[in-house]
Number of protein chains: 2
Amino acid sequence: MCAKTASTLDLSAVLPGLSIDCVIFGFDRGKLHVLVLKWKNEDLWALPGGFIPATMDIDQAATKILEERTGIRLPYLAQFHTFGKVNRRRIDSFLDQLKGSVLPENWMEEWIRQRFVSIGYLSLVNLHQCRPSPDLFSDACEWVQVKELPPMLFDHQHITEKALEQLRHQINYLPIGLSLLPEKFTMKELQRLYEEVLERKLDRANFQKKMLKLGFLDRQEKQMTGAAHKAPYLYSFNTEAYQELLQKGIGYIS
Amino acid sequence: MCAKTASTLDLSAVLPGLSIDCVIFGFDRGKLHVLVLKWKNEDLWALPGGFIPATMDIDQAATKILEERTGIRLPYLAQFHTFGKVNRRRIDSFLDQLKGSVLPENWMEEWIRQRFVSIGYLSLVNLHQCRPSPDLFSDACEWVQVKELPPMLFDHQHITEKALEQLRHQINYLPIGLSLLPEKFTMKELQRLYEEVLERKLDRANFQKKMLKLGFLDRQEKQMTGAAHKAPYLYSFNTEAYQELLQKGIGYIS
DNA sequence: ACAAAAGTGTTATCCTTACACCCATGT
DNA sequence: ACATGGGTGTAAGGATAACACTTTTGT
């Protein structure tokens with residue numbers, strides 16, 4: 001709503017030739033998801049992105065852009081890479097695809113044809129705690145599985161892959177999960193998250209011991225699932241311990 | 001020479017509001033160094049940086065900029081962060097400092113006052129194998145110790161610190177040294193490099209065992225130093241093993 | 001002979017890995 | 001009772017950390 005009113009672009013008030021694209025990961029039913037927007041009246045999906053107001057730091061701009069385009073407000077987005085190949089937007093095939101579709105009235109073709117360098121931002125959220133809603137240029141805002149990405153605008157597939165690579169790297173030296181999992185979760189769910197990101201199976205017993213030893217999990221009551229087996233414990237993140245590990249890392253050279 | 005002739009800037013042929021800054025590290029006598037340029041007629045030092053030709057990928061542009069400004073040609077520069085705070089250049093105090101100094105004739109004040117976002121690139125070189133030479137806008141191009149940085153332009157000190165942070169991070173999961181050390185070197189020198197980057201002392205015996213176990217070092221003949229003690233072995237990098245470790249990393253989550 | 005620094009060895013401790021075992025639960 | 005999956009245990013092997021010992025060299 002209030003976010004939406006700002007959507008009319010004043011092209012003189014944003015930095016020329018620069019954009020921001022956000023890769024937002026969520027986790028549900030054992031699968032990693034990414035948040036994507038569907039271009040109005042087209043079968044074309046895109047990462048939530050936009051332009052940088054001339055008076056805003058790029059980090060602030062990322063937060064604002066994400067909120068305007070999806071309704072999700074995140075306090076912290078992390079920059080992970082800047083994409084600057086000359087032909088990263090494959091602009092001709094893009095304009096072809098758009099034939100017959102409406103662009104915002106002040107997006108003159110000249111302006112949109114120019115070269116753009118895009119700064120990639122990454123964040124993780126609990127996809128059950130946010131209601132993404134599409135903006136004026138989009139008619140859908142959805143979580144799609146990382147393994148089943150639809151055809152995407154420009155190099156957005158490549159950007160998504162780079163973000164995944166970054167995530168896969170980070171999981172080796174930082175704790176993960178606080179912003180992805182619900183408040184309470186089972187060890188199995190946490191393990192599934194790790195397996196999904198690392199793309200390999202982990203040993204159940206050893207995973208449990210490792211995580212508990214890291215000391216950022218608080219054990220809660222058991223969860224009666226109604227399934228024909230022992231009920232698993234629930235866990236929650238110990239926020240102080242978690243934050244501390246975020247600072248100093250999990251494991252490093254000796 | 002040929003690099004230098006290109007130094008006359010055609011402002012219409014570069015991307016507006018975007019720049020690249022390079023942090024080049026070298027290692028000598030047990031100290032980490034950074035390559036900096038001295039602004040013509042000013043006591044102001046800056047990282048080698050410049051603008052992005054409209055027809056070049058940003059990675060190529062980084063290579064070109066570094067070569068034009070310092071004479072050093074590096075095949076690979078790695079992007080590490082993009083700097084985009086609104087006031088990162090503190091432009092007023094910058095113009096004050098420049099009073100009485102010559103800017104390239106077509107750098108109208110208007111143009112230089114605009115906001116710039118800068119992409120940081122990082123590389124490591126053997127500082128004995130390159131002869132840095134200043135370009136037309138600079139009257140010196142020197143290696144300075146990381147611990148003794150001179151006052152620097154804009155946020156270049158911050159950029160340098162970020163690069164160092166990146167390097168300090170990388171040393172934990174990637175081999176280091178191939179491009180920093182001479183062809184043959186002692187274990188002590190390699191250890192000094194690690195200590196300098198990590199900013200802490202390491203145990204001599206354990207360091208030796210660890211490095212040898214990683215298997216990217218080839219032992220060469222001994223080096224007679226003329227000093228009053230046992231002569232150390234020389235080592236060289238086994239390029240294949242080294243490259244392989246660069247790919248798959250040294251140590252990760254299990 | 002001695003100091004200095006290099007190379008190697010020793011030990012306790014910890015972590016990793018691959019399993020095995022028992023336990024709680026619903027059918 | 002039994003299958004299913006959860007929690008914990010164990011033993012072998014490897015890595016780490018601290019420090020001791022031996023070797024080579026020039027003075």
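All chains are named by letter (A, B, ...) in the order of the sequence lines, taking the proteins before the strands, and each is independently numbered beginning at 1. Computed from heavy atoms alone, side chains included, the values below leave out hydrogens, waters and symmetry copies. Values in this document were obtained by computation on a predicted structure and should not be read as measured data.
Comparing D:dG6, C:dA5, D:dA18 by their nearest atom to the side chain of A:Lys188 picks out D:dG6. When distances run from any side-chain atom of B:Ala205 to the nucleotides C:dC19, C:dT8, D:dT25, the shortest one goes to C:dT8. Nearest nucleotide to the A:Arg219 side chain, out of C:dA24, C:dA5, D:dG7: D:dG7. Side chain of B:Ala231, nearest nucleotide from D:dT25, D:dG6, C:dG7: D:dT25. When the nucleotides C:dT25, C:dA18, D:dA17 are ranked by their closest atom to the side chain of A:Asn206, C:dA18 comes out on top.
Distances shown here put every side-chain N or O of B:Gln208 at or beyond 4.0 Å from the OP1 or OP2 atom of C:dA6. In this model, the phosphate group of D:dT4 is not approached by any side-chain N or O of A:Lys230 to a distance below 4.0 Å at OP1 or OP2. Considering only side-chain N and O atoms, B:Lys210 lies nowhere under 4.0 angstrom from the phosphate OP1 or OP2 of D:dA15.
Along DNA chain D, the nucleotide closest to A:Pro232 and the one closest to A:Asp203 are compared, and the more 5′ of them pairs with A:Pro232.
As rounded to whole Å, 12 Å separates atom C1' of D:dA17 from atom NZ of B:Lys213. Look at CG on B:Leu217: it is 15 Å from C1' on C:dG7, rounded to the nearest Å. Look at CZ on A:Phe207: it is 15 Å from C1' on D:dG7, rounded to the nearest Å. Spacing between atom CG of A:Leu190 and atom P of D:dG6 amounts to 13 Å, rounded to whole angstrom units. The CD atom of B:Glu189 sits 15 Å away from the P atom of C:dA5 (whole-angstrom rounding). Going from atom CD of B:Gln191 over to atom P of C:dA5 covers 13 Å, rounded to whole Å. The distance from atom CG of B:Leu212 to atom C1' of C:dA6 is 13 Å, rounded to the nearest whole Å. Here C:dA6 presents its P atom at 6 Å from NE2 of B:His229, a figure rounded to the nearest Å.
Rounded to 10 degrees, the angle between the two end axes of the helix from C:dA1-D:dT27 to C:dT27-D:dA1 is 20°, with five pairs used at each end.
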Kindly determine whether A:His33 and A:Phe27 satisfy ring pair (Phe, Tyr, Trp, His ring centres under 6.0 Å), including the steps that lead there.
CA-CA 6 Å; A:His33 291 70; A:Phe27 188 69; 8.0 Å; no
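Evaluation of atom-type donor-acceptor distances gives no pair under 3.5 Å for the side chain of A:Lys201 against the base of C:dT17. No hydrogens or angles were tested; on distance alone, a donor-acceptor pair under 3.5 Å links the side chain of B:Lys209 to the base of C:dG9. If you check distances only, the side chain of A:Arg204 never reaches the base of D:dG5 with a donor-acceptor pair under 3.5 Å. Applying the 3.5 Å distance criterion, the base of D:dG7 shares no donor-acceptor pair with the side chain of A:Lys222.
Screening B:Gln170, B:Lys162, B:His169 for a side-chain hydrogen bond (donor to acceptor under 3.5 Å, both in side chains) involving B:Gln166 leaves a single residue, B:Gln170.
A salt bridge between A:Arg168 and A:Glu199 is present, with a side-chain N of the basic residue lying under 4.0 Å from a carboxylate O of the acidic one. The residues B:Glu195 and B:Arg192 are annotated as salt-bridged, a charged nitrogen and a carboxylate oxygen being separated by less than 4.0 angstrom. A salt bridge links A:Glu221 with A:Lys184: at least one charged nitrogen is closer than 4.0 Å to a carboxylate oxygen.
Between the side chains of A:Tyr121 and A:Asp59, at least one donor N or O sits under 3.5 Å from an acceptor N or O.
Between B:Phe237 and B:Phe185, the ring planes lie tilted relative to each other; the angle falls in the 30° to 60° range.
Annotation: cation-pi pair B:Arg219/B:Tyr235 absent, no NZ/CZ under 6.0 Å from the ring centroid and within 45° of its normal.
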